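Below: the structure, in structure tokens.
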Amino acid sequence: MSSAENIELQEKDTDQGENLLAKLALEAELADYSPVKGCMVIRPYGYSIWEQIQSALDKMIKETGHQNAYFPLFIPESFLQKEAEHVEGFAPECAVVTYAGGKELEERLVIRPTSETIINHMFSKWIKSYRDLPVLINQWANIVRWEMRTRLFLRTTEFLWQEGHTAHATYEEAIEETKKMLQVYKTLSEEYLAIPVIDGEKTERERFAGAVKTYCIEGLMKDGKSLQMGTSHYLGQNFSKAFDTKFQDQNGQLQFVYQTSWGVSTRLIGSVVMTHHDEKGLKLPPKIAPVQIVIVPIYKESTEKDIVLKKCKEVEDILSSDFRIKTDSRDQYSPGWKFNHWELKGVPIRINLGPKDVSSNVVEIVRRDTGEKLRNIPQEGLRQYLLKLSNEIQENLFRQAKEFLLKNTFVINNEKEFVKKIESGGYLVCFWCESSTCEENIKLKTKATVRCIPFKLPVDQNQEEGYCISCNKKTNLKVLFAKAY
RNA sequence: CGGGAAGUAGCUCAGCUUGGUAGAGCGUCCGUUUCGGGUGCGGAAGGCCGCAGGUUCAAAUCCUGUCUUCCCGACCA
């Protein structure tokens with residue numbers, strides 16, 4: 001990290017929103033490009049964010065009764081072809097291994113673009129009776145989708161994710177599971193990532209290939225585009241029929257299981273960057289920040305240095321059981337340089353500690369979210385003070401993002417207004433007649449698509465009935481349009 | 001996958017039109033000075049000019065291919 005780079009970032013920031021995610025991710029050392037198209041290396045700082053997200057979500061997944069397992073990377077090509085819509089949806093973006101062990105393979109192996117097929121294959125072996133149900137499984141894995149156009153974190157060729165796969169005896173139970181896990185994702189996003197989301201159902205056009213229903217959470221990024229942050233699919237019996245995943249019910253009848261699948265990916269890291277940043281760099285929510293507090297020692301001569309560093313160590317020791325904390329005692333950088341460095345990296349709280357503070361038993365605290373300097377904070381009770389402050393920062397980031405979401409959500413009643421408004425981004429609440437043709441027409445004109453049919457509208461729109469934004473047909477369906485990633 | 005732009009020192013870029021010993025600023029290293037918002041000064045190191053071919057006495061420079069990145073489009077979640 002150099003000053004030249006950083007100044008560069010700030011200059012380009014103003015006029016080049018489009019490129020911001022890549023710039024921030026590279027500058028803050030979250031990731032780097034690999035030699036292979038569309039692939040990225042997740043660097044330690046970025047991976048640590050992923051680990052924070054993982055550990056929070058993994059806990060929630062287990063609390064809702066699921067167990068982790070691991071299924072193989074390679075899937076026999078024939079498996080993909082068993083479910084008609086699934087093949088059609090995924091075939092073009094599959095990477096296939098045709099040659100291994102020095103010869104052409106008898107059966108080609110697909111590198112998983114998702115694991116429904118292989119998991120169903122195994123479920124068929126394991127599920128015999130209603131007593132075996134439900135099966136509630138999750139796996140943390142990498143997957144590969146050969147995308148034409150890639151983008152750091154948001155759409156990479158290979159990415160890390162979690163995919164839950166469950167099998168149930170009834171429709172009701174499977175639907176409940178689908179919705180429950182979507183709710184888990186909403187909680188993860190809002191309480192940990194500090195990103196408000198709209199939860200709802202996908203239209204037919206946007207649905208997962210092979211699903212009966214797809215539910216999603218959508219977040220509004222700072223550039224006004226919507227990002228799908230998680231999906232939860234009700235698969236019905238599509239896969240169980242294709243893979244013959246059957247169980248014997250209480251009455252001795254053979255039935256196909258009802259299934260769900262749900263996932264979030266390293267895309268979430270992208271969503272955090274695209275939601276929480278300013279001209280200085282990232283603003284990481286404390287709950288997922290790899291470093292929550294950084295201490296910057298300030299000193300002149302070596303006698304001062306000893307005293308100050310000793311105090312830093314003392315403060316760090318007091319706080320280390322409650323915070324991920326780090327003292328930046330590197331001698332080759334000035335305090336000013338370190339201030340900028342850690343701001344770029346998005347560390348939520350910084351403690352400046354110099355000789356003046358040592359002598360009067362105080363510290364200076366700087367909030368990353370507001371930039372506010374809190375001077376002369378007594379060392380006594382610092383732990384409590386920072387716990388409170390940390391929560392406040394977490395909440396404030398969410399509040400700001402929520403305000404942004406609401407400020408950029410508009411109720412729109414006619415197409416002319418729609419076309420004009422969508423230019424500047426944001427969500428448009430509109431009536432829609434549910435025809436794919438109208439959805440397509442809007443997309444051709446504006447690039448915007450139906451992000452979801454929200455469970456609950458983010459803004460008030462009390463009109464029960466209205467007219468389709470595209471064809472003017474009378475309808476009572478209200479949806480959320482936006483340009484999306 | 002189609003159209004456009006780019007790839008030269010760790011970073012940002014100049015040099016290419018008109019072929020002839022590889023450049024700058026920042027960073028890095030050494031010394032010194034400084035340290036509460038990217039210190040100042042002096043010195044030094046650092047480059048298969050993305051990769052592979054071709055043309056030429058000679059290629060960063062011209063030609064062909066290829067890889068990667070960015071933008072626009074198509075595709076996709």
Side-chain angles (χ1 to χ4, degrees), chain A residues 1-12 16-23 25-27 29 32-40 86 88-94 113-114 143 145-152 154-157 159 161 202-203 205-211 214 216-218 226-233 261 263-265 267 280-281 296-302 304-305 308 328-344 350-359 362-366 371 373 375-376 443-444 447 449 451-452 484-485:
Chain A
M1 214 46 34
S2 68
S3 57
E5 282 162 12
N6 206 358
I7 287 159
E8 190 66 26
L9 171 71
Q10 291 179 15
E11 282 170 358
K12 288 190 179 169
Q16 226 176 333
E18 200 60 31
N19 216 356
L20 191 62
L21 172 62
K23 286 200 185 317
L26 295 170
E27 294 280 351
E29 296 174 323
D32 205 348
Y33 292 107
S34 89
V36 178
K37 180 184 165 70
C39 293
M40 67 174 171
H86 196 61
E88 207 185 316
F90 279 106
E93 49 185 292
C94 281
T114 178
I143 63 173
R145 294 180 185 175
W146 215 262
E147 302 287 352
M148 287 298 132
R149 198 166 174 181
T150 56
R151 201 173 160 77
L152 223 54
L154 299 188
R155 185 176 285 102
T156 46
T157 302
F159 57 94
W161 79 344
K202 283 296 189 193
T203 64
R205 209 192 106 93
E206 302 280 326
R207 192 189 292 150
F208 172 73
T214 290
C216 66
I217 53 169
E218 293 273 330
S226 184
L227 181 71
Q228 178 177 298
M229 293 173 58
T231 47
S232 185
H233 313 291
S261 68
V264 295
S265 72
R267 179 181 258 198
K280 290 178 167 178
V296 176
I298 294 151
Y299 49 80
K300 287 192 181 79
E301 322 97 41
S302 68
E304 267 183 4
K305 179 178 169 181
V308 168
D328 186 353
S329 53
R330 291 178 294 179
D331 233 352
Q332 68 268 38
Y333 297 112
S334 69
W337 189 93
K338 290 174 186 173
F339 297 164
N340 288 282
H341 176 75
W342 294 108
E343 280 163 359
L344 172 63
R350 189 177 73 240
I351 294 176
N352 295 343
L353 218 163
K356 292 178 221 159
D357 304 295
V358 176
S359 61
V362 297
V363 296
E364 181 178 276
I365 293 171
V366 185
K373 264 187 188 166
R375 295 177 209 272
N376 299 315
K443 190 182 178 188
L444 287 174
K447 290 180 194 168
T449 48
R451 296 328 300 150
C452 72
Y485 277 105

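Side chains included, hydrogens not; waters and symmetry mates left out as well; all remaining heavy atoms used. Because the structure is predicted, anything quoted here is derived from the model rather than measured. Throughout, a chain's letter reflects where its sequence line sits, starting with A, and its residues are numbered from 1.
At a threshold of 4.0 angstrom between heavy atoms, the contacts of A:Pro92 with the nucleic acid are absent. Using a 4.0 Å heavy-atom distance criterion, A:Gly38 is classed as a sugar-phosphate-only contact. Note on A:Glu93: only backbone sugar-phosphate atoms sit closer than 4.0 angstrom, heavy atoms only; bases stay farther off. Residue contacts shown for A:Glu304 are absent, as no nucleic acid heavy atom lies under 4.0 Å away.
If you check B:G36, B:A77, B:U28 against the side chain of A:Tyr333, the one that comes closest is B:U28. You'll find that the side chain of A:Pro335 is closest to B:G36, out of B:G36, B:A77, B:G37. Checking B:G37, B:C35, B:G73 against every side-chain atom of A:Lys300, the shortest atom distance belongs to B:C35. For A:Arg149, counting side-chain heavy atoms from C-beta on, the closest listed nucleotide (B:A77, B:G37, B:G73) is B:G73. For A:Asn340, counting side-chain heavy atoms from C-beta on, the closest listed nucleotide (B:A77, B:G36, B:G37) is B:G37. Out of B:C71, B:G36, B:G37, the shortest distance to the side chain of A:Arg350 is found at B:G37. Nearest nucleotide to the A:Lys356 side chain, out of B:C35, B:G36, B:C1: B:G36. Residue A:Met148 has its side chain nearest to B:C1 when only B:U39, B:G36, B:C1 are considered. Nearest nucleotide to the side chain of A:Glu147, out of B:C76, B:G37, B:C35: B:C76.
Under the salt bridge (Lys or Arg N to Asp or Glu O under 4.0 Å) criterion, A:Arg350 pairs with A:Glu343, not counting sequence neighbours. Applying the side chain to side chain contact (heavy atoms under 4.5 Å, CB included) criterion to A:Lys443, with sequence neighbours excluded, gives A:Arg205, A:Thr449. For A:Arg375, the side chain to side chain contact (heavy atoms under 4.5 Å, CB included) test picks out A:Glu364, A:Lys373, with sequence neighbours left out. In terms of the side chain to side chain contact (heavy atoms under 4.5 Å, CB included) criterion, residue partners of A:Asp32 (sequence neighbours excluded) are, by chain and number, A:Leu26, A:Arg43. Considering only residues two or more places apart in sequence or on other chains, A:Thr157 meets the side chain to side chain contact (heavy atoms under 4.5 Å, CB included) condition with A:Cys39, A:Val144, A:Trp146, A:Thr150.
B:G31 is paired with B:C41 under the criterion used here, namely a Watson-Crick or G-U wobble arrangement in which both key atom distances are under 3.5 Å. Shown here, B:A5 forms a base pair with B:U69; the pair counts as Watson-Crick or G-U wobble because both key distances fall under 3.5 Å.
Where A:Arg155 and A:Tyr299 meet RNA chain B, the nucleotide closest to each residue was compared, and A:Tyr299 sits on the side nearer the 5' end. When each of A:Tyr33 and A:Glu343 is assigned the nucleotide of RNA chain B bearing its nearest heavy atom, the one mapping closer to the 5' terminus is A:Glu343.
B:C63 and B:G46 have their P atoms separated by 33 Å, with the value rounded to a whole Å. Spacing between B:C48 and B:A22 at atom C1', rounded to whole Å, works out to 13 Å. Across B:G20 and B:A59, the matching C1' atoms stand 10 Å from one another, rounded to whole Å. Using P as the reference atom, B:U17 and B:A74 are 38 Å apart when rounded to the nearest Å. Nucleotides B:G42 and B:G37 place their C1' atoms 26 Å apart, quoted to the nearest Å. Comparing B:U39 with B:C49, their P atoms sit 34 Å apart, to the nearest whole Å. Spacing between B:G47 and B:G31 at atom P, rounded to whole Å, works out to 22 Å. Annotation: B:A60 and B:C51 have their P atoms spaced 11 Å apart (nearest Å).
At a threshold of 4.5 Å between non-hydrogen side-chain atoms, the residues A:Leu227 and A:Leu154 count as touching.
Between A:Glu304 and A:Lys356 no salt bridge is recorded (no basic side-chain N to carboxylate O distance below 4.0 Å).
Residue A:Lys373 places no side-chain atom within donor-acceptor reach of the base of B:G36, judged by atom type and a 3.5 Å distance cut-off alone. In the interface, the side chain of A:Arg375 is not paired with the base of B:G36 through any donor and acceptor atom under 3.5 Å apart.
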Expected rows: protein N/O vs nucleotides 40-49 of chain B N/O, under 3.5 Å:
none

Candidate pair A:Phe159 and A:Arg145, rule side chain to side chain contact (heavy atoms under 4.5 Å, CB included), full reasoning: CA-CA 8 Å; A:Phe159 57 94; A:Arg145 294 180 185 175; 4.3 Å; yes

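Considering only side-chain N and O atoms, A:Ser334 lies nowhere under 4.0 angstrom from the phosphate OP1 or OP2 of B:U34.
Counting to the nearest Å, the C1' atom of B:C76 and the NZ atom of A:Lys447 are 16 Å from each other.
For an aromatic pair to be called close, the ring centres must be under 6.0 Å apart, and A:Phe339 with A:Tyr333 fails this.
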